[in-house]
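Worth knowing before you read on, the calculation uses all heavy atoms, side chains too, and leaves out hydrogens, waters and symmetry mates. Protein chains get the first letters and strands the later ones, always in sequence-line order, with residue 1 at the start of each.
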There are 2 protein chains.
Amino acid sequence: MSLPHAILTALLEKPSSGLELTRRFDRSIGYFWSSTHQQIYRELGKLEQAGQIRALPSAQPARGQKKEYEVLPAGRAALSAWVALREDPKQIRDPLLLRMRAAAVVGAPGLDAELRRHLELHRKQLAEYLAIEGRDFPPERNSEEDRLRHLVLRGGIDLENFWIGWLTRALDGIPATGSSPSAG
Amino acid sequence: MSLPHAILTALLEKPSSGLELTRRFDRSIGYFWSSTHQQIYRELGKLEQAGQIRALPSAQPARGQKKEYEVLPAGRAALSAWVALREDPKQIRDPLLLRMRAAAVVGAPGLDAELRRHLELHRKQLAEYLAIEGRDFPPERNSEEDRLRHLVLRGGIDLENFWIGWLTRALDGIPATGSSPSAG
DNA sequence: TCCTTCATGTAACGAGTTACATGATTTG
DNA sequence: CAAATCATGTAACTCGTTACATGAAGGA
């Protein structure tokens with residue numbers, strides 16, 4: 001039940017069309033709630049049906065033409081209600097950890113290469129977050145909204161740092177299979 | 001495409017019935033790949049159909065009676081092939097971070113209480129992992145399989161530590177609402 | 001017998017993914 | 001006009017969740 005609320009949040013920050021939302025999900029919002037355009041159009045339809053958003057009057061309902069949405073009072077109310085909900089943290093569900101556990105049973109030739117690849121990807125993602133932080137959250141800006149958004153970004157940064165640390169330690173602890181053929 | 005491989009891994013570690021698997025998923029395996037008995041039975045059926053596992057001969061195919069499965073060579077091969085696959089890390093998708101971002105837009109009365117609640121849950125989970133670590137990975141045990149399984153558990157421990165650190169910093173950075181309802 | 005627990009399932013639905021379809025606008 | 005790109009959608013499928021159904025075994 002999170003995607004519609006991610007969309008409402010995005011539309012409150014700035015009224016947008018489906019494709020614009022998709023692009024914003026690829027950038028800032030998708031860093032903690034990713035989505036595809038198919039899902040977004042589907043949800044926009046439902047939200048409009050439910051009277052929580054509406055297409056701006058300037059937009060004709062013709063296929064292939066841009067259609068901008070804005071949030072209606074009912075949508076804002078629904079988002080407020082959702083923010084107040086309690087929700088337990090989800091259990092971890094990570095394919096890489098699962099691969100590792102499986103590797104303990106059936107063997108893991110090449111797993112170290114995959115760990116190195118992930119390490120590199122997380123380093124890149126971290127660099128991207130840090131660039132965003134430097135651009136969007138200079139020390140002087142300190143409104144309440146900025147502080148909350150900065151905390152969210154910090155979550156992403158800390159999470160990448162967790163992965164980098166764990167992967168580094170993991171690579172120290174398992175034998176390499178690339179150039180030194182000591183494991184079988 | 002991970003659940004069948006989680007099941008194959010679990011069955012290689014120890015042949016089990018559906019309910020036994022469910023309980024093992026609630027304990028060790030579910031710490032990085034959670035599942036319900038409905039999903040497990042569904043997958044067991046598919047894996048049996050595919051010739052990757054089979055019911056032990058001693059088990060009759062009667063409804064309501066225990067049915068133990070073991071992995072066939074084809075299943076082990078499929079698992080080995082899956083372990084060798086590359087898979088990019090998934091994008092973050094976390095309702096709490098999303099709530100925080102939404103709170104930056106529509107306001108956040110009571111969000112600090114929810115953060116405190118999550119902090120407590122993560123502390124409990126961390127304590128549980130540390131207990132498992134102390135029980136299952138004493139310093140003297142050091143086989144290759146143990147090392148990999150220990151790394152997986154370390155992933156869980158480090159992840160809980162990430163959340164505890166982030167939530168603590170977040171609570172320092174946002175104003176408290178409500179008098180002090182944290183008794184309980 | 002009735003109740004509980006163990007054990008194996010079915011059914012229906014929602015969320016997410018992948019592939020494809022259709023129309024409008026720009027530009028060569 | 002043709003092709004590329006912008007933009008909005010449909011369809012089909014898998015995975016995960018929730019609620020419910022069915023049967024067996026053991027004890028009050």
Side-chain angles (χ1 to χ4, degrees), chain A residues 1-8 11 15-26 29-30 32-50 53-56 58-69 82 85 87-95 98, chain B residues 1-8 11 15-26 29-30 32-50 53-56 58-69 82 85 87-95 98:
Chain A
M1 278 285 292
S2 288
L3 180 58
H5 304 103
I7 291 176
L8 288 170
L11 287 181
S16 304
S17 68
L19 197 62
E20 282 164 3
L21 277 177
T22 303
R23 283 177 183 146
R24 291 172 62 199
F25 270 77
D26 283 344
I29 299 168
F32 51 89
W33 201 273
S34 62
S35 194
T36 60
H37 82 269
Q38 291 89 339
Q39 253 190 303
I40 287 168
Y41 283 117
R42 190 205 260 160
E43 285 300 328
L44 283 172
K46 285 188 198 171
L47 286 168
E48 191 177 21
Q49 202 78 17
I53 64 173
R54 66 161 184 180
L56 290 180
S58 60
Q60 307 93 320
R63 184 171 184 144
Q65 272 175 336
K66 194 190 234 179
K67 199 164 145 197
E68 287 214 308
Y69 292 94
W82 179 80
L85 287 183
E87 191 170 355
D88 284 354
K90 283 256 180 291
Q91 299 261 58
I92 306 167
R93 205 175 248 168
D94 189 279
L98 183 58
Chain B
M1 276 285 293
S2 289
L3 179 57
H5 304 103
I7 290 175
L8 287 170
L11 287 180
S16 305
S17 68
L19 196 63
E20 282 163 4
L21 278 176
T22 302
R23 285 177 181 146
R24 291 172 62 198
F25 270 76
D26 283 343
I29 300 168
F32 50 90
W33 202 274
S34 61
S35 194
T36 61
H37 82 269
Q38 290 90 336
Q39 253 190 305
I40 287 169
Y41 282 117
R42 191 205 257 160
E43 285 301 328
L44 283 172
K46 285 189 198 169
L47 287 169
E48 190 177 21
Q49 202 78 17
I53 63 174
R54 66 161 183 180
L56 289 181
S58 59
Q60 307 93 317
R63 182 167 187 150
Q65 273 175 336
K66 195 190 230 180
K67 200 164 144 196
E68 288 215 305
Y69 292 94
W82 179 80
L85 287 183
E87 190 171 355
D88 284 354
K90 285 257 179 288
Q91 299 260 61
I92 305 168
R93 204 174 252 168
D94 189 281
L98 183 59

Pairs under 3.5 Å (N/O, protein and nucleotides 14-18 of chain D):
unit_1  : atom_1 : unit_2   : atom_2 : d
dG16(D) : OP2    : Gln39(B) : NE2    : 2.5
dG16(D) : O5'    : Gln39(B) : NE2    : 3.2
dG16(D) : O3'    : Arg93(A) : NH1    : 3.4
dG16(D) : N7     : Arg42(B) : NH1    : 3.0
dG16(D) : O6     : Arg42(B) : NH2    : 3.0
dT17(D) : OP2    : Arg93(A) : NH2    : 3.3
dT17(D) : O4     : Arg42(B) : NH2    : 3.4

Please tabulate the protein-to-nucleotide N/O contacts below 3.5 Å involving nucleotides 2-6 of chain C, giving atom names and distances.
none

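Rounded to whole Å, the distance from CD1 on Ile7(B) to C1' on dT8(C) is 14 Å. Atom CG in Leu44(B) sits roughly 12 Å away from atom P in dT10(C) (whole-Å rounding). If you take NZ of Lys66(B) and P of dT22(D), they are 25 Å apart, rounded to a whole angstrom. Taking atom CD1 of residue Ile40(A) and atom P of nucleotide dA15(C), one finds them 15 Å apart after rounding to whole Å. In this structure, NE2 of His37(A) is placed 14 Å from P of dT22(C), rounded to the nearest angstrom. Computed from coordinates, the Leu56(B) CG to dT8(C) P distance equals 12 Å when rounded to whole Å.
Candidate nucleotides dG9(C), dA24(C), dT8(D) were compared by shortest atom distance to the side chain of Gln65(A), and dA24(C) ranks first.
Under the ring pair (Phe, Tyr, Trp, His ring centres under 6.0 Å) criterion, Trp82(A) pairs with His5(A), sequence neighbours left out. Annotation: side-chain contact (heavy atoms from CB on, under 4.5 Å) contacts of Glu48(B) (sequence neighbours excluded): Ile53(B), Ala55(B), Lys67(B), Tyr69(B). Partners of Pro95(A) under the side-chain contact (heavy atoms from CB on, under 4.5 Å) rule, at least two apart in sequence or in another chain, are Arg99(A), Ser2(B), Trp33(B), Glu87(B). Scanning for salt bridge (Lys or Arg N to Asp or Glu O under 4.0 Å) contacts around Lys90(A) gives an empty result, with sequence neighbours left out. By the side-chain hydrogen bond (donor to acceptor under 3.5 Å, both in side chains) test, Ser35(B) pairs with Gln39(B), sequence neighbours left out. Qualifying side-chain contact (heavy atoms from CB on, under 4.5 Å) partners for Pro15(A), counting only residues two or more places apart in sequence or in other chains: Glu70(A).
In this structure, Glu20(B) does not pair ionically with Arg23(B), as no charged nitrogen and carboxylate oxygen lie closer than 4.0 Å.
Within the structure, no pair that satisfies the salt bridge (charged side-chain N to carboxylate O under 4.0 Å, His left out) test touches residues 32-42 of chain A, not counting sequence neighbours.
Taking side-chain N and O atoms only, Lys67(A) has a distance below 4.0 Å to OP1 or OP2 of dG9(D).
The shortest non-hydrogen separation linking Arg93(A) to Ser34(B) is NH2-O, 2.7 Å.
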